[in-house]
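Starting from 1, each residue takes its place in the sequence as its number.
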Amino acid sequence: MEKGRLNELIILLKENPNDPFLKFGIAMEHLKSKNYPESLKFFQDLVDNHPDYSGTYFHMGQLYERMGKEKKAMEVYQKGMKVTKRKKEMKDYEELKEAFFLLMEDDDDDF
């Protein structure tokens, strides 16, 4: 992780505490450095306070998968599909749908 970039984003967020783009950037920086708890904290803030910020759902779902929490990942993908479908963001919707069904298939392979 580029500490400089993360620090810059944190400073900017202090100046603009409700900016979802900055929160997303911080979540992604933590994700890159495998600081999953901090990344999840910022993704959860986005879901709670900026539920229409569509980019959150795919990356949050992927994070849950990395953490071995497949059920949570599926829940996040489903929520994201509802948001992106409502907003008519079909590219994002299809990406979430694919991730959801791939995870379902993987889950079925365990039997």
(request) Show your reasoning for whether side-chain contact (heavy atoms from CB on, under 4.5 Å) applies to T84 and L96. (result) CA-CA 9 Å; T84 53; L96 287 160; 3.9 Å; yes
If every non-hydrogen atom of [X] is compared with every non-hydrogen atom of [Y], which pair is closest and at what distance?
X: A27; Y: S39; value: O-OG, 2.9 Å
X: P17; Y: K14; value: CD-O, 3.9 Å
X: A73; Y: L103; value: CB-CD2, 3.7 Å
X: H30; Y: S33; value: O-OG, 3.0 Å

(request) Provide the full list of ring-ring contact (aromatic ring centres under 6.0 Å, His included) pairs with a residue in residues 59-78, sequence neighbours left out, each pair given once. (result)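 Residue pairs with at least one partner in residues 59-78: F24-H59.
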Reported [atom1]-to-[atom2] distance for the pair [X] and [Y], which is rounded to 0.5 angstrom:
X: I26; Y: L13; atom1: CD1; atom2: CG; result: 4.5 Å
X: L63; Y: T56; atom1: CG; atom2: OG1; result: 12.0 Å
X: R66; Y: L40; atom1: CZ; atom2: CG; result: 12.5 Å
X: Y93; Y: K85; atom1: OH; atom2: NZ; result: 4.5 Å
X: E75; Y: M60; atom1: CD; atom2: CE; result: 10.0 Å
X: M81; Y: E94; atom1: CE; atom2: CD; result: 10.0 Å

(request) Quick one: do I11 and E8 satisfy side-chain contact (heavy atoms from CB on, under 4.5 Å)? Show the steps, please. (result) CA-CA 5 Å; I11 290 167; E8 287 175 26; 5.8 Å; no
(request) Give a yes or no on whether Y53 atom OH has more than 12 heavy-atom contacts from other residues, nucleotides or ligands under 6.0 Å away. (result)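 Yes - once you tally the heavy atoms of other residues, nucleotides and ligands closer than 6.0 Å, there are more than 12.
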(request) Taking atom NZ of K82 as the centre, report whether more than 12 heavy atoms of other residues, nucleotides or ligands fall under 6.0 Å from it. (result)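 Incorrect, the count does not exceed 12.
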(request) Would you check if the side chain of K79 reaches a backbone N or O of Y57 as a donor-acceptor pair within less than 3.5 Å? (result)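 Not at all, since once roles are kept as given, no pair shorter than 3.5 Å links the two residues.
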(request) Determine, stepwise, if the pair E95 / D92 fulfils side-chain contact (heavy atoms from CB on, under 4.5 Å). (result) CA-CA 5 Å; E95 186 177 56; D92 292 334; 4.3 Å; yes
(request) For E38, enumerate each residue passing the salt bridge (charged side-chain N to carboxylate O under 4.0 Å, His left out) test, keeping only those at least two apart in sequence or located in another chain. (result)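 Listed in chain order: K41.
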(request) In sequence, state the C-alpha distance, the side-chain angles, and the governing distance for L9 and F42, and then conclude on side-chain contact (heavy atoms from CB on, under 4.5 Å). (result) CA-CA 12 Å; L9 290 170; F42 280 91; over 6 Å; no
(message) Can you confirm whether E89 sits close enough to V83 that some side-chain heavy atom of one is under 4.5 Å from a side-chain heavy atom of the other?
(response)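 Of all side-chain heavy-atom pairs linking V83 with E89, none is under 4.5 Å.
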(request) Among N18, N16, D45, find the one that has a side chain to side chain donor-acceptor pair (under 3.5 Å) with K23. (result)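 Result: among N18, N16, D45, D45 is the only option passing the side chain to side chain donor-acceptor pair (under 3.5 Å) with K23.
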